[in-house]
J.: 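Sharing a structure, written as structure tokens. Questions coming.
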Amino acid sequence: MDTDAEDLAGIQGRLSFAWHTEAIDCSFFLPDAVDVAPQLLGYILEVDSPGGPVGVRITETEAHIGVGTAGRYEPGSHSKDRKTPRNASMFLEAGRAHVYFSNGLHFALNLVCSPAGIASGVLVRAGQILDCIALAAARRHAKRPLGKAQALKEPQLARGPGNLATTLGITREAHDGRGLFAAPYRFLPPAHPVQGMAAGPRVGVAGIVGGPEFPWRFWLPGEPGVSAFRPGRNAPR
């Protein structure tokens, strides 16, 4: 078995126990993000707003680790070297939100893992909209470039971390650093255990962290809203 296969087999081995279906609290996020990310699949995250609560069933996640973690060094994490104003909330205690502006285009939502002082978080990459679909669609369409008038299909609304954050109404000012188990956030357990998961490289990430040595993206197979894979620049195949 080669190194990449060993990495993936190790992850799957840690997930051989029964999937969570019960309510969770902050203690759920105390392990590092590589352990937590797949366990979040199927959970429902709601974010309230003046327009109503938009809820998503999480179908795709991605683990990121940085300063203080015991696992392998991840050169692609924006908390890999030190604490900065941009990544400060990644160092908070487990069970909080880390919201950052990505690529100068959109916000992204990370769920903070590990004890305080350790940079570890799960990027919520995609989900199935369950509540207030009209509000979620209006938020997405409001950000589309002029000339793209064709209505988005429901699976497209929360496909990709920027789109998901947009549908939930996430902003850094309103949501960064907030506890995940108090307003405006709410977590609900899955109605039933997920039947399986897949793991593989990240989407569009450059260099070694976008290749098979970091199979830290997790998704529910067959879900239409999961990101389509595309390799990043100079990422190993």
Side-chain angles (χ1 to χ4, degrees), residues 1-22 24 28-29 31-45 55-65 69 71-72 74-77 102 108-111 113 120-130 153-165 167-168 187-233 235-237:
M1 181 181 289
D2 61 24
T3 302
D4 301 339
E6 288 175 356
D7 289 344
L8 182 52
I11 291 170
Q12 292 173 329
R14 293 202 299 272
L15 300 174
S16 61
F17 51 85
W19 291 89
H20 288 274
T21 57
E22 69 273 12
I24 57 176
F28 178 88
F29 291 93
D32 75 34
V34 179
D35 286 319
V36 174
Q39 292 296 320
L40 283 166
L41 296 173
Y43 271 83
I44 297 165
L45 173 62
V56 297
R57 174 176 170 262
I58 298 172
T59 60
E60 185 180 9
T61 60
E62 185 173 302
H64 290 268
I65 62 173
T69 53
R72 64 186 301 181
E74 184 198 340
S77 171
S102 178
L109 174 64
N110 276 282
L111 311 179
C113 302
S120 174
V122 176
L123 174 66
V124 186
R125 281 199 55 90
Q128 174 193 5
I129 304 293
L130 300 178
K153 297 179 180 179
E154 283 188 22
Q156 298 174 298
L157 293 177
R159 177 187 287 164
N163 295 332
L164 181 137
T167 62
L168 293 175
F187 263 101
L188 298 171
H192 50 78
V194 300
Q195 297 304 306
M197 72 98 191
R202 294 157 172 165
V203 176
V205 175
I208 188 172
V209 292
E213 289 187 41
F214 289 86
W216 291 356
R217 183 173 64 95
F218 307 92
W219 66 92
L220 297 179
E223 289 288 337
V226 169
S227 307
F229 178 74
R230 57 178 176 81
R233 179 175 51 85
R237 301 293 183 95

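Starting from 1, each residue takes its place in the sequence as its number.
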J.: Do Leu45 and Leu109 touch side chain to side chain, with heavy atoms closer than 4.5 Å?
T.: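 They are in side-chain contact.
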
J.: Could you check whether any side-chain heavy atom of Phe218 comes within less than 4.5 Å of a side-chain heavy atom of Leu40, counting everything from C-beta outward?
T.: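 No; the side chains remain at least 4.5 Å from each other.
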
J.: Quick check: closest heavy atoms across Gly121 and Ala33, and the distance to 0.1 Å?
T.: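 Looking at all heavy atoms of both residues, the closest pair is O-CB, 3.2 Å.
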
J.: Looking only at heavy atoms, which two atoms of Leu123 and Asn110 are closest? And how far apart?
T.: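 Looking at all heavy atoms of both residues, the closest pair is N-OD1, 3.1 Å.
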
J.: When the side chains of residues 197-212 are checked against the rest of the protein, which donor-acceptor pairs come out under 3.5 Å, sequence neighbours left out?
T.:
residue: Arg202; atom: NH1; partner: Glu74; partner atom: OE2; Å: 2.9
residue: Arg202; atom: NH2; partner: Ala63; partner atom: O; Å: 2.6
residue: Arg202; atom: NH2; partner: Glu74; partner atom: OE2; Å: 3.0

J.: Please report the shortest heavy-atom distance between Ser120 and Ile65, naming the atom on each side.
T.: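 Ser120 and Ile65 have their closest heavy atoms at OG-CG2, 4.0 Å.
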
J.: Which pair of heavy atoms, one from Leu220 and one from Leu41, lies closest together, and at what distance?
T.: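 Scanning both residues, the minimum pair turns out to be CD2-CB, 3.7 Å.
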
J.: Might you point out which heavy atoms bring Leu164 and Thr167 nearest each other, and give the distance in Å?
T.: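 What the structure gives for the nearest pair is O-OG1, 2.7 Å.
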
J.: Please round to the nearest 0.5 Å and tell me the distance separating atom CG of Leu111 and atom OH of Tyr43.
T.: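 So the gap between those two atoms works out to 13.0 Å.
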
J.: Report yes if the side chains of Ile58 and Phe187 come closer than 4.5 Å at any heavy-atom pair, otherwise no.
T.: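 Of all side-chain heavy-atom pairs linking Phe187 with Ile58, at least one is under 4.5 Å.
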
J.: Testing Arg217, Glu62, Arg125 for side-chain hydrogen bond (donor to acceptor under 3.5 Å, both in side chains) with Ser227, which one passes?
T.: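 Passing option: Arg125.
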
J.: Would you say the side chain of Ile24 lies within less than 4.5 Å of the side chain of Gln39, judging by non-hydrogen atoms?
T.: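 No, side chains not in contact.
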
J.: Step by step, would you call Asp32 with Cys113 a side chain to side chain contact (heavy atoms under 4.5 Å, CB included)?
T.: CA-CA 6 Å; Asp32 75 34; Cys113 302; 5.8 Å; no

J.: Rounded to the nearest 0.5 Å, what's the gap from CG on Leu130 to CD on Glu154? Could you check?
T.: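 Answer rounded to 0.5 Å: 10.0 Å.
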
